[in-house]
There are 2 protein chains.
Amino acid sequence: MGVTIKDVAKKAGVAPSTVSRVIADNSRISLDTKKRVRKAMKELGYHPNINARNLAVRSSQAIGVVMPSSTDKALQNPFFPEILRGIGSVAHGTEYSLYVSTGGTEEEQFEEVKRMVFGNRVDGIILLYSRANDEVTNFLFEKNFPFVIVGKPYAYENQITYVDNDNVRASREITQHLIDLGHQHIGFIGGSTERLVTVDRMEGYMTALKEAGLPVRDEYKVQTEFLESGGRKAVEELFSLDQPPTGLVIADDLVSLGVINMLEQLNFHVPEDISIASFNNVYLSEITRPPLTTVDIQIYLMGVHASRCLIEKVKAKDEPAKRIIVPHKIMYRQSTKKKEL
Amino acid sequence: MGVTIKDVAKKAGVAPSTVSRVIADNSRISLDTKKRVRKAMKELGYHPNINARNLAVRSSQAIGVVMPSSTDKALQNPFFPEILRGIGSVAHGTEYSLYVSTGGTEEEQFEEVKRMVFGNRVDGIILLYSRANDEVTNFLFEKNFPFVIVGKPYAYENQITYVDNDNVRASREITQHLIDLGHQHIGFIGGSTERLVTVDRMEGYMTALKEAGLPVRDEYKVQTEFLESGGRKAVEELFSLDQPPTGLVIADDLVSLGVINMLEQLNFHVPEDISIASFNNVYLSEITRPPLTTVDIQIYLMGVHASRCLIEKVKAKDEPAKRIIVPHKIMYRQSTKKKEL
DNA sequence: TTCATATCGGTAAGGGTTAACATATAATAG
DNA sequence: CTATTATATGTTAACCCTTACCGATATGAA
């Protein structure tokens, strides 16, 4: 370890600063010297020391990615590797590196973020969640540190750059789809209402019902993050109502999977007895039985946009707050079906 | 931005070096001064500049995580976020940060690794895959850069630290389980034989067959990474044999899901007509229908061990190569069933 | 009293890079 | 032929932190 810019300089017979300028491909260096220097670099196997450079330019060419805090299963959602892939692809293209913080408790998460920010480890941060009254968001916002949210910010909506889907509309459309299929009793299963995405999707669901003149029944709305005992019970209750739903809008493909399984145990069949429509279109949604009708939210693309926005923002700190709505697309598959009369 | 060690020093009325020593909790500093300094740090909101520190100590307190190269679905496997969570938990505990490289092509991946290594961005690397003749592995090995593999190294097995399961035994056991249930015709579906894990699992499968005096038939072995058209066809062929298998050992839960779906379309039922046993025990394997009999390889734990080993190795470069075999556990669920006579 | 040893801190030299400023040479204008 | 400017490179001071080495004071033993 340890061929430095000075070694290269000596070998090429120039000053270190010249080498530095060659690296930056500065136009003020003659082609001749550039060639000579590059040759020396290659011969010595020189690679710049990032830490030294970062120290000098007070940046880090790295972006931080913060996953939601969670000690449990939530992270097993393929959503995360997929969005990471999107973020990573542009990061790589622009020579940025990725720093990730993987949940743990909210407290730990906050610490990690502080480490990233104060330690100058990253130039900007992408938040892979949006939660009410989130310490991290507030911190970043107050510090005026470049960050973008994947999802909708809880506050300061037009001062924060974020990339999201039009979840309200998507949810309205997919609910509408169930209605079009003749369903009159449609339930909704979503995660915690602390998460903005749940709120939006629920709103879209309700809007569609209202537009169709259908009643919005509270008993039809279930909140469960994952199908642990609590959620299980909620679903069971839903289906022991006098009038159980014949259609279900579910906020996440993975949850749909669990629900379908549970329904089969209760001897309800999908889609014969009950239609299910959900969100995300992760890979597995096309290989389950039945394949899921789901909203393709284009996760990868969201990652790409988030990454791009962040980098723009990092480069020009006064870049105005942007909102990017990634278009969705409904994937009609076999988990929804016309209601038999 | 920008309260430095000097500011703290001035405020506390000591020299910068003293502050530095307080940060390192050096025993040469009296409790009194420590308190004073810490107070000053807090009041000024001081946080050390990581880049400067890294430069000074020639390390980075960060570990790199390399995902398999892949432009497609493979990364959507919940295996990845889960192992990341394991790695992250110990990384956080030891104040290390996580740097991840997210695939792309093999070429890009290699570049990223070089960036990490040469740029002093990370102190060590965890490889989340093991592939034959992998450039990255060779590079790391030759450079004698600290790294650990999750999975079994293709070469230099006893000079490389790795954490793995006993895949041969696990596969033997789960195949044995199918045999115990009365299955005589058992197929195997795995990924590319370039990946060591596939090789091991196939070996275990064959061993079990041989031990039971059952023939090992080549037509029963299918290779398909994911269920794209090619894999689909292979499975179809498998089931149009004169004697289609009644049991299937599948190297990955996610693939099982696809296979089950496909089988249902071909009008085979799981587990009535055919039993399926697979690997990984990702969360979704317990919520599918039927819930999968699968080998719990303890992904999270693998991450924890990999992380620990790497950190040990980083701290003591001459740490001998270790092999950690994370115990597996078979989860008996409903995708396997006694063969009807 | 004197020397040895601890204890506690300070000084200053890196660590590798960038960038503002300075300098030298060549080209052009007057 | 000198003055001015453009071009190409060198000098040097940051960037912020750690650590080897040195100094000062206090404590105790001889």
Side-chain angles (χ1 to χ4, degrees), chain A residues 1-38 40-41 44-62 95 115-123 315, chain B residues 1-38 40-41 44-62 95 115-123 315:
Chain A
M1 298 282 107
V3 22
T4 77
I5 205 169
K6 286 180 197 158
D7 302 322
V8 177
K10 204 179 295 172
K11 174 138 191 163
V14 297
S17 58
T18 303
V19 178
S20 174
R21 284 190 268 247
V22 171
I23 295 170
D25 205 15
N26 189 310
S27 65
R28 305 191 53 124
I29 302 293
S30 70
L31 207 64
D32 233 39
T33 358
K34 274 188 187 171
K35 270 187 196 152
R36 203 148 34 91
V37 170
R38 283 201 248 265
M41 293 200 305
L44 292 170
Y46 167 75
H47 288 264
N49 180 315
I50 306 281
N51 290 126
R53 152 182 280 163
N54 290 349
L55 179 58
V57 303
R58 293 174 210 66
S59 99
S60 59
Q61 285 285 310
E95 307 238 296
R115 276 229 306 265
M116 286 183 183
V117 173
F118 288 129
N120 257 279
R121 279 179 187 271
V122 301
D123 292 343
K315 290 197 170 146
Chain B
M1 300 282 108
V3 22
T4 79
I5 206 169
K6 284 182 198 155
D7 302 321
V8 177
K10 202 178 295 169
K11 173 136 192 165
V14 297
S17 57
T18 304
V19 178
S20 172
R21 283 190 268 248
V22 171
I23 295 169
D25 206 14
N26 188 309
S27 64
R28 300 185 46 140
I29 303 295
S30 70
L31 205 66
D32 235 40
T33 347
K34 275 187 187 170
K35 270 187 198 153
R36 204 148 35 94
V37 170
R38 284 202 248 265
M41 294 200 304
L44 292 170
Y46 168 74
H47 288 263
N49 180 313
I50 305 281
N51 291 125
R53 150 182 280 162
N54 290 349
L55 179 58
V57 303
R58 294 172 208 66
S59 98
S60 60
Q61 286 284 311
E95 307 237 296
R115 274 230 306 264
M116 287 184 183
V117 172
F118 288 129
N120 256 280
R121 277 178 189 271
V122 300
D123 293 342
K315 289 198 171 147

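Naming: A, B, ... by sequence-line order, numbering from 1 per chain.
Val22(B) is not listed as a side-chain neighbour of Thr33(B), based on a closest heavy-atom distance of 4.5 Å or more. Under the 4.5 Å side-chain criterion, counting only non-hydrogen atoms from C-beta, Asn120(A) is not in contact with Asn54(A). Here the side chains of Asn51(A) and Asn51(B) are in contact, with some heavy-atom distance below 4.5 Å.
If you run side-chain contact (heavy atoms from CB on, under 4.5 Å) between Tyr46(A) and each of Lys11(A), Arg38(A), Met41(A), only Met41(A) comes through.
Using modelled atom types, one side-chain atom of Asp123(A) and one backbone atom of Ser60(A) make a donor-acceptor pair closer than 3.5 Å.
On the nucleic acid side, DNA chain D contacts chain B at distances under 4.0 Å to non-hydrogen atoms, with the end points of that region at dC16(D) to dA20(D).
Residue contacts shown for Gly119(B) are absent, as no nucleic acid heavy atom lies under 4.0 Å away.
Around NZ of Lys34(B), the count of heavy atoms belonging to other residues, nucleotides or ligands within 6.0 Å exceeds 12.
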> In B/S/- notation, 5' to 3', how is nucleotides 13-23 of chain C contacted by protein heavy atoms closer than 4.0 Å?
Replying inline: -BBBBSBB---
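Listed by chain and number, the residues in a side chain to side chain donor-acceptor pair (under 3.5 Å) with Thr4(B) amount to none (sequence neighbours excluded).
Nearest heavy atoms, Arg121(B) versus Ala62(A): NH1-CB, 4.3 Å.
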